[in-house]
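First comes the structure, then the notes that go with it.
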Number of protein chains: 2
Amino acid sequence: MNLKELSALLGISQTTVSRALNDFPEVNEATRKRVKAAAIAHNYRANPRAKGLATGRSMAIGHVIPISTKHEIVNPIFADFIAAAGEVYSRNAHDMLLSVVADVDEERTYRDHAANASVDGVIVHGPKPNDSRIKLLKNLGLPFVVHGRASDDDTDYSWVDINNRRSFERATNFLLDLGHQRIALINGLEFMDFAKRRKDGFLDALGNRGVSARPEWMISNEMTENVGYQSAIAMLAQPTAPTAFIVSSMIMAIGVRRAIGEAGKKMGSDISVIIHDDALSYLPNGAGIPMFTATKSSVQHAGQLCAQMLLDIIAANDTTPRHILLETELTVGESTGPAPKC
Amino acid sequence: MNLKELSALLGISQTTVSRALNDFPEVNEATRKRVKAAAIAHNYRANPRAKGLATGRSMAIGHVIPISTKHEIVNPIFADFIAAAGEVYSRNAHDMLLSVVADVDEERTYRDHAANASVDGVIVHGPKPNDSRIKLLKNLGLPFVVHGRASDDDTDYSWVDINNRRSFERATNFLLDLGHQRIALINGLEFMDFAKRRKDGFLDALGNRGVSARPEWMISNEMTENVGYQSAIAMLAQPTAPTAFIVSSMIMAIGVRRAIGEAGKKMGSDISVIIHDDALSYLPNGAGIPMFTATKSSVQHAGQLCAQMLLDIIAANDTTPRHILLETELTVGESTGPAPKC
DNA sequence: CGCATCATTCAAAGCGCTTTGGAAAATAGC
DNA sequence: GCTATTTTCCAAAGCGCTTTGAATGATGCG
């Protein structure tokens, strides 16, 4: 069932049917009703491709996922983020176009999207300091929202981010307040912007209290369980070991917990652990009292906000940069306690 | 730069340019070269929307992710699966259209896809026994591949699945061979086909050895860390507790491990654990010797196979059902050992 | 009543591509 | 040398929609 058939069936011109369905004012209310009823009755649905061709808009949002040749970890927060964003798109009659491309082809993908308007906008994932994609998208004039921020990029653009710096500063202070002096940081790869900011927050907090950071207690690596485990095992084996860990993700922290157990220590009393919790749906931080003390911020929420912001930008046809900076909640769980007396 | 401009620029008709670019035989080899060179030089890329309108094909594959109103867990294997499938699409010049819709709207989404040919085929995720989507897609004539299978559906269709039954039968036998008699199963929700098959395999193995299954040792629930933890805690507190656990996912098993630790037991010697390992990129099963003994099968591999199978079906224009049944690897790790003498 | 105004409707062009049905040029066959 | 093919190219129609510009009928008002 297409427009032509529907209009023939109604004995009305395509123009009028189209306008009736798209809520144009210049159509009689009675005919509009009739048209809409017929559309539903005959299960008519406008072909988005034809619509896109005619309007130049695609009613689709692009997500470009670069596959790195180097480190092949698929980001575990991806599923929750996409699900949340996708739901917003669906509610707003937009499609989600996912492109999984080799990182070297990422730029070309954006250019293609812009050239033939396959999408009305894109979400940029995993920004790196001074990220080249931002300049590119600005040049292309393709609306975009960055999930996170790119430091060193002094130009303005739209983003949704959590206050990573402040978050880790607070976490560090929390541990310092508990008397911990030997605090380790197990972080993500530092070419990721969030990891860099978290480290800054950590260092600032230590510096402000006159505690010097030890390089051997600051790990930056892939965010896997195993990395958490290996890092913690290594640090706990040192003659003077940390009494507390700040860990950038739940998954890494699970490895840290394993290491603590194997070292014969008890998490919470012997060794404190504080994590950043993305509130992944399949990794709830315990039921009732959280398993881990955490700086918490739902990545699903971020996904919704990103999606909505982008849709707003597109709808308003106004790319003036918008920002949302989310503060994390510092929620106390069972993994932290006062520093043990040496 | 569009076809018209390009052809004007070359002084050749649109027809010929189009045919040259699409490798039709009836075009002079010299002009074809010239056209292709010009296309590259001017960075011409055919508008997929216009192409789709003209051909009726979309060069896109749909993935419909139903958001349940009841249990809001986003499947953690999703990210790896999608990344792997998406990469195959990209290599084959296809797009991936993701629709995240309320489960009640899922059917409508398929109908829409079919009605206006927004996609050339779809992947069906998380089949349930006797899944209605399969009938629907057959009726719609939309090519599809199911990741998994729908038991009780005696009609034939294309799928890629792992041998869940056999896998869990082997795992159970492995534990029985080690002398375990009190074996618990911590499984996913049983309306998911894979969970049902795993349970069958488990029960078969026990039955064949004359060991009777205890209902209170068979859990079926969301596959989260916390569920694994709570389930194991509860079972370990019983007067006669299981000496071994078979766990349907790594994430649940992490919770089980936590429970074992808190119960003052040691995994591997006191309590054995064997898991199914989807080989998620962010959850490697230890480095070197696996942390968990596991039936292993890479979900990324499954994603590639599904994607490729669907593309093959579409390219061959032949929907004769195809099947791939993957056997899992039983890899021995540190989480299993002989049953303790009672 | 006659003309301007407004509310509705429509025919047709256009979005960027493919494809049909010829036509022109080149080659072959005798 | 002339017709029959084959090769190579093209104009135009069509995919399903929106949108422009114009037409129609109804209404208002002096």
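A note on names: the letters A, B, ... follow the listed sequences, proteins ahead of strands, and every chain is numbered from 1.
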Between CG of Asn47(B) and P of dC15(D) the distance, given in whole Å, is 18 Å
Notebook entry, point to check: Do the side chain of Thr15(A) and the base of dT19(D) come within less than 3.5 angstrom through a donor-acceptor pair of N or O atoms?
Noted result: yes
Next item on the list: Using distance alone, with no hydrogens and no angle criterion, decide if Ser13(A) and Thr16(A) have a side-chain donor and acceptor under 3.5 Å apart.
Entry: yes
Rounded to whole Å, the CG-P distance (Leu10(A) to dC10(C)) equals 10 Å
Atom CD of Glu26(A) and atom C1' of dA23(D) are separated, to the nearest Å, by 15 Å
Lys/Arg-Asp/Glu bridge criterion (N-O < 4.0 Å) met for Asp193(A), Arg149(A): no
Side-chain atoms of Ala54(B) come closest, of dC17(C), dC17(D), dC10(D), to dC17(C)
### Query
Closer than 4.0 Å, any side-chain N/O of Thr31(B) to the OP1 or OP2 of dC9(D)?
yes
Atom CG of Leu21(B) and atom P of dT19(C) are separated, to the nearest Å, by 13 Å
Among dT9(C), dC17(C), dC15(D), the one nearest any side-chain atom of Gln14(B) is dC17(C)
Closest to the side chain of Lys51(B), out of dC17(D), dC10(C), dC17(C), is dC17(C)
Atom CG of Leu6(B) and atom P of dC10(D) are separated, to the nearest Å, by 13 Å
For His147(B) and Ala302(B), the nearest pair of non-hydrogen atoms, with its separation, is NE2-CB, 3.7 Å
Looking only at dT19(D), dT18(C), dT19(C), the nucleotide nearest the Phe24(B) side chain is dT19(C)
Arg34(B) atom CZ is separated from dT8(D) atom P, nearest whole Å, by 14 Å
To the nearest angstrom, the CZ-C1' distance between Arg32(A) and dT9(C) comes to 13 Å
Regarding the side chain of Asn28(B), the nearest nucleotide among dT19(C), dC10(D), dT8(D) is dT8(D)
Comparing Ala50(B) with Thr16(B), nearest DNA chain C nucleotide closer to 5' gives the residue Ala50(B)
message: Could you check whether Glu107(B) pairs with Arg133(B) (Lys NZ or Arg NE/NH1/NH2 to Asp/Glu carboxylate O, under 4.0 Å)?
response: no
Comparing Arg19(B) with Ile12(A), nearest DNA chain C nucleotide closer to 5' gives the residue Ile12(A)
* Hey, does Asn116(B) reach any base, or is it just sugar-phosphate, or nothing, if we go heavy atoms under 4.0 Å? -> nothing
| request: Please determine if Asp105(A) and Arg91(B) form a salt bridge, counting it only when a charged side-chain N lies under 4.0 Å from a carboxylate O. | output: no
Arg49(A) CZ to dG16(D) P, in whole Å, measures 10 Å
Looking only at dC10(D), dC15(D), dA11(C), the nucleotide nearest the Leu53(B) side chain is dC15(D)
Establish, with yes or no, whether the OP1 or OP2 oxygen of dT18(D) is under 4.0 angstrom from a side-chain nitrogen or oxygen of Ser18(A).
yes
